[in-house]
Participant: 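What follows is a structure written as structure tokens; I'll ask about it next.
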Amino acid sequence: MTSAAEPSLAVVVLGASRGIGRAIARVAARDGYPVVLVARSADDLAAAAAEITASGGKALTMALDLAAPEASSRLEAFLAESGLACGILVNSAGYGLRGAVTALSAEEQLGIIDVNIRALADMTLRFLPGMVARRSGGIINLGSIAGFTPGPYMTFYYASKNFVRSFSAALHKEVRGFGVTVTCVAPGPVSTDFLEKSGADRAALFKVLPKLDADYVAEQAWRGFKSGRRLVIPGLSSKLTAIVARLLPTAAALSLIGLVQRRSKDPRPYPSQTGVK
Ligand SMILES: NC(=O)c1ccc[n+]([C@@H]2O[C@H](COP(=O)([O-])OP(=O)(O)OC[C@H]3O[C@@H](n4cnc5c(N)ncnc54)[C@H](OP(=O)(O)O)[C@@H]3O)[C@@H](O)[C@H]2O)c1
């Protein structure tokens, strides 16, 4: 029996205002979990919550900049005030930037570390101990096929996703014995705003790869997590790309990825990623 004082367990989705995170939130709500939707864009979060409530689910929203150092303590306080604890954490917030490291803004590139790496690690440190103590739940981390190699001209993004893959795999091993799952989801290109915002849609590499649907990625992610998988690579094209990326010698991968990511006939400057859209 659950006592009245015990918090309810929620699925907390970071990066839930759009794209893959929003799609995973819908799937979790459909499975009967209360969901907490987190991102910066309050209006988009409200629209995502309305979508879930209209389908009979329960959703709360919190507008939060995950690059802020106090983000995880603020989120934990919000959950406690709402009578909730984080049963399952979905780290889907993230962004990338295409271009030479010397041409891109230093601040925006360092922001990739803040959001894709630091916030993900900080949230993990904050919520994983509770999951281990309860011996249930876990974390879904959005990696990428970019996490299997270094990636010239999208250097910070690939490096951040290499961290996510390595971190998630090691954690999976550490906590599996406690009934807790950490799953890394590593898709190839997905049809979301990410591709245009990062400038990846103008790179030859991303143009040739088929685009996955965010709902499909969300279903695969959720199913893989529920079955205790360490790594989920949604779709055949992503699986094949990951195999090639793992087999290629590093020098060959650097030459190939450097070539296809640098070449672009589109003269538009690389987009800015700062601030709420
Ligand atoms: N789309 C792809 O091709 C692809 C492929 C492989 C992996 N991924 C990964 O999948 C994840 C989700 O990507 P997506 O395709 O869904 O991208 P998206 O549509 O651009 O969504 C990104 C999400 O991250 C949130 N976010 C970004 N910076 C934030 C910050 N400082 N604080 C709080 N929230 C922040 C955004 O919300 P706000 O802007 O409202 O804050 C948004 O909800 C990312 O980690 C991405 O690297 C994407």
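Numbering of ligands and ligand atoms starts at 1, following listing order. The chain is numbered in sequence order, starting from 1. Remember, predicted model here, so these are calculated numbers, not experimental data.
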Participant: Tell me whether D114 is salt-bridged to R118, with the criterion being a basic N under 4.0 Å from an acidic carboxylate O.
Facilitator: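 Between R118 and D114 there is no salt bridge, as every charged N stays at least 4.0 Å from the carboxylate O atoms.
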Participant: What atoms in ligand 1 come closer than 4.0 Å to a heavy atom of V115?
Facilitator: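 The list of qualifying atoms is 31 (N).
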Participant: Using heavy-atom distances only, which candidate in G19, G111, S92 approaches atom 13 (O) of ligand 1 most closely?
Facilitator: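 Shortest heavy-atom distance from atom 13 (O) of ligand 1: S92.
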Participant: Is it true that R134 and E6 have a side-chain N and a carboxylate O under 4.0 angstrom from each other?
Facilitator: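 So R134 does not pair with E6 through a salt bridge.
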Participant: Considering only NZ, NE, NH1 and NH2 on the basic side and carboxylate oxygens on the acidic side, decide whether R26 and D215 come within less than 4.0 Å.
Facilitator: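 A salt bridge is present here (some side-chain N lies under 4.0 Å from a carboxylate O).
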Participant: May I ask you to list the atoms of ligand 1 that are less than 4.0 angstrom from any heavy atom of P189?
Facilitator: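 Close to P189: 3 (O).
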Participant: Relative to the heavy atoms of S41, which atoms of ligand 1 are at a distance of less than 4.0 Å?
Facilitator: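 Counting atoms of ligand 1 from 1, those under 4.0 Å from S41 are 38 (P), 39 (O), 40 (O).
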Participant: For atom 8 (N) of ligand 1, state which one of Y95, F194, Y157 supplies the nearest heavy atom.
Facilitator: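 Result: the heavy atom closest to atom 8 (N) of ligand 1 is in Y157.
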Participant: Do the side chains of L89 and L14 get nearer than 4.5 Å, heavy atoms only?
Facilitator: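 L14 reaches L89 side chain to side chain.
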Participant: Please identify which atoms of ligand 1 are closer than 4.0 Å to at least one heavy atom of L64.
Facilitator: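 Once the distances to L64 are compared, the set is 32 (N), 33 (C).
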Participant: Ignoring hydrogens and geometry beyond distance, is a side-chain donor-acceptor pair present between Y157 and Q109 at under 3.5 Å?
Facilitator: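 Their side chains do not contain a donor-acceptor pair, so the 3.5 Å distance test is not met.
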Participant: Would you indicate which of S17, A67, A93 comes nearest to atom 42 (C) of ligand 1 when only heavy atoms are counted?
Facilitator: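 It is S17 that holds the nearest heavy atom.
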Participant: So between G143, A146, G15, whose heavy atom ends up nearest atom 7 (C) of ligand 1?
Facilitator: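 Looking at heavy atoms only, G143 sits closest to atom 7 (C) of ligand 1.
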